[in-house]
Protein chains: 2
Amino acid sequence: MQTMKENMLQFENACREQGLKITHQRVEVFKAIHKAKDHPSVEEIYAIVNRRIPSISLDTVYRTVDTFEKLGLVSRFQAPDGRFRFDTNIDIHQHLVCTKCGRIEDIHWDGLDRLKVPSVGGWSDLVLASVEIKGLCEACRKKN
Amino acid sequence: MQTMKENMLQFENACREQGLKITHQRVEVFKAIHKAKDHPSVEEIYAIVNRRIPSISLDTVYRTVDTFEKLGLVSRFQAPDGRFRFDTNIDIHQHLVCTKCGRIEDIHWDGLDRLKVPSVGGWSDLVLASVEIKGLCEACRKKN
DNA sequence: AATTTATTAGGAACAATTCTTATTACCGAA
DNA sequence: TTCGGTAATAAGAATTGTTCCTAATAAATT
């Protein structure tokens, strides 16, 4: 577990290495994603950052989040509703998705790690990219 | 492995059971998905069916494909490019995705079947929904 | 064949994302 | 510290994928 200060340093170093400018916008977007625990969408990140930089444009959030993904600072995946969602956890790509409300939660599936990704004729560099498990979350189950 | 004739019978029976009309459009969309082996998108299905029914609208393909999914005749998933793709194979949800060209291939991951989906506090009815493995397909590897 | 009712075509509407262009601001050099 | 070159940004237009709306059409039932 890293502190926010450590995260910021890591972020700034990654930018310098790549010759990217450390802009106000990038700093705030980075912080917003790191603080949010619920896999925010671009729209949600925008709403958060907008409170600190009212002039920021949605497009900037899109571009910034793209940049961060290329730097390996965040991971991106598609929720079943079709929107991109972002995560500072770039290792775990196993998600629980509620079939009712769409809520997404990270999980760690013990045993899956130990399983070797199968080799398939012709294909190379195979890497397990994402695992999605569907179910009913606590809140939705209680509603019934 | 089923013949197309068997598939058509299964399709027609499923429609009758649900009180759905067996329209020209539905028949052609069904055939198109079954013949295509490459997880066609709506746009691609439309292009194929359009050759047989030039007047068909894109919206009809969307609706039809929705209907088929509800009947359990096809499965739908999201490609990394964000578009829906369809598959007549409704059992296997393990896909290889080429990081270069986006090509998608079904695979069967032996061993994954035997793994029990983990139980997570609060959540219920958990079902493994999809597994995505990224890599480089043969064609793209040869290009390098 | 006529009637009923689901389905369709066509285009408008919508939502998420990307593109365009003039303006701004980061950062290295003076 | 100030300045200039250049990457990054704001704003909104454009694009893409999908869904909605309505009058017209065509399955299935009689």
Side-chain angles (χ1 to χ4, degrees), chain A residues 8 11-30 32 39-47 49-71 73-74 76-86 102 104, chain B residues 8 11-30 32-33 39-71 73-74 76-86 102 104:
Chain A
M8 292 315 294
F11 158 69
E12 290 181 12
N13 287 333
C15 286
R16 288 209 188 85
E17 272 172 31
Q18 303 290 322
L20 295 176
K21 293 179 179 170
I22 298 166
T23 65
H24 190 187
Q25 288 85 345
R26 280 180 180 151
V27 170
E28 293 302 330
V29 169
F30 186 82
H39 310 85
S41 65
V42 170
E43 205 71 46
E44 286 159 356
I45 297 167
Y46 173 76
V49 176
N50 193 249
R51 294 201 288 267
R52 316 212 70 207
I53 314 177
S55 69
I56 198 170
S57 79
L58 190 57
D59 179 58
T60 297
V61 179
Y62 273 103
R63 268 184 298 98
T64 303
V65 126
D66 256 27
T67 307
F68 288 171
E69 194 196 9
K70 278 173 196 147
L71 291 185
L73 292 170
V74 305
R76 167 210 302 250
F77 66 99
Q78 284 218 334
D81 67 3
R83 287 190 293 187
F84 292 128
R85 293 185 165 272
F86 298 86
I104 297 165
Chain B
M8 292 314 294
F11 156 70
E12 290 181 14
N13 286 334
C15 286
R16 287 208 189 84
E17 272 172 31
Q18 302 291 322
L20 295 176
K21 293 179 178 171
I22 299 166
T23 65
H24 190 188
Q25 289 84 344
R26 282 181 178 147
V27 170
E28 292 302 329
V29 168
F30 186 83
I33 302 178
H39 309 83
S41 65
V42 170
E43 205 71 47
E44 285 159 358
I45 297 167
Y46 173 75
I48 295 166
V49 177
N50 193 250
R51 295 201 288 267
R52 314 210 72 205
I53 314 177
S55 70
I56 198 170
S57 80
L58 192 56
D59 181 57
T60 297
V61 178
Y62 273 102
R63 268 184 298 98
T64 304
V65 126
D66 257 26
T67 307
F68 288 172
E69 193 196 9
K70 278 172 196 146
L71 291 185
L73 292 170
V74 304
R76 166 210 302 252
F77 66 99
Q78 285 216 335
D81 67 3
R83 288 188 292 186
F84 292 129
R85 292 186 166 272
F86 297 86
I104 297 165

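Note that the coordinates shown come from a computational prediction; the quantities given were computed from them, not determined experimentally. Labels below follow one simple rule: chain letters A, B, ... track the order of the sequence lines, proteins then strands, and each chain is numbered from 1. For the numbers below, each heavy atom of this structure counts, side chains included, while hydrogens, waters and symmetry mates do not.
- The CD atom of A/Glu12 sits 14 Å away from the C1' atom of C/dC27 (whole-angstrom rounding).
- Residue contacts shown for B/Leu58 include a base, since a base heavy atom lies under 4.0 Å away.
- Separating the CG atom of B/Asp66 from the P atom of D/dT19 is a distance of 6 Å, rounded to the nearest angstrom.
- Within the structure, every side-chain polar atom (N or O) of B/Arg63 is placed at least 4.0 Å from both OP1 and OP2 of C/dT7.
- Regarding A/Tyr62, its OH atom lies at a distance of 16 Å from the P atom of D/dT16, rounded to whole Å.
- In this structure, the side chain of A/Arg76 does not engage the main chain of A/Phe84 through any donor-acceptor pair within 3.5 Å.
- Not one side-chain nitrogen or oxygen of B/Ser41 sits closer than 4.0 Å to the OP1 or OP2 atom of D/dG17.
- Atom CZ of A/Arg16 is separated from atom C1' of D/dA7 by 16 Å (rounded to the nearest Å).
- Inter-residue side-chain proximity for A/Val27 and A/Phe11 is flagged as met; some heavy-atom pair is nearer than 4.5 Å.
- For the pair B/Lys21 and A/Asp59, both in contact range of DNA chain D, the more 5′-proximal nearest nucleotide belongs to A/Asp59.
- Atom CZ of A/Arg83 and atom C1' of C/dT18 are 17 Å apart (whole Å).
- Set against D/dA10, C/dT7, C/dC26, the side chain of A/Thr60 has D/dA10 as its closest nucleotide.
- Out of C/dA9, C/dC27, D/dA8, the shortest distance to the side chain of A/Leu20 is found at D/dA8.
- Atoms CD (A/Gln25) and P (D/dA7) sit 17 Å apart, rounded to a whole Å.
- Between the P atom of C/dT18 and the CD atom of A/Glu43 lies a distance of 13 Å, rounded to the nearest Å.
- A salt bridge (charged side-chain N to carboxylate O under 4.0 Å, His left out) with A/Arg85 is found for one member of A/Glu44, A/Glu43, A/Glu69 and no other, namely A/Glu44.
- Counting heavy atoms from C-beta on, the side chains of B/Glu28 and B/Ile56 never come closer than 4.5 Å.
- With A/Tyr62 as the partner, the side chain to side chain contact (heavy atoms under 4.5 Å, CB included) test is satisfied by one option alone out of A/Asp66, A/Thr64, A/Leu58, A/Val65: A/Leu58.
- For the pair A/Ile53 CD1 and D/dA8 C1', the interatomic distance rounds to 12 Å; values are reported in whole Å.
- As judged by a 4.0 angstrom heavy-atom cut-off over every strand, B/Ile56 is placed among residues touching the sugar-phosphate backbone only.
- The nearest heavy atom of DNA chain C to B/Arg26 and to B/Pro54 marks one nucleotide each, and the one closer to the 5' end goes with B/Arg26.
- Projected onto DNA chain D by closest heavy-atom contact, A/Thr64 and B/Phe84 fall at different nucleotides, the more 5' of which corresponds to A/Thr64.
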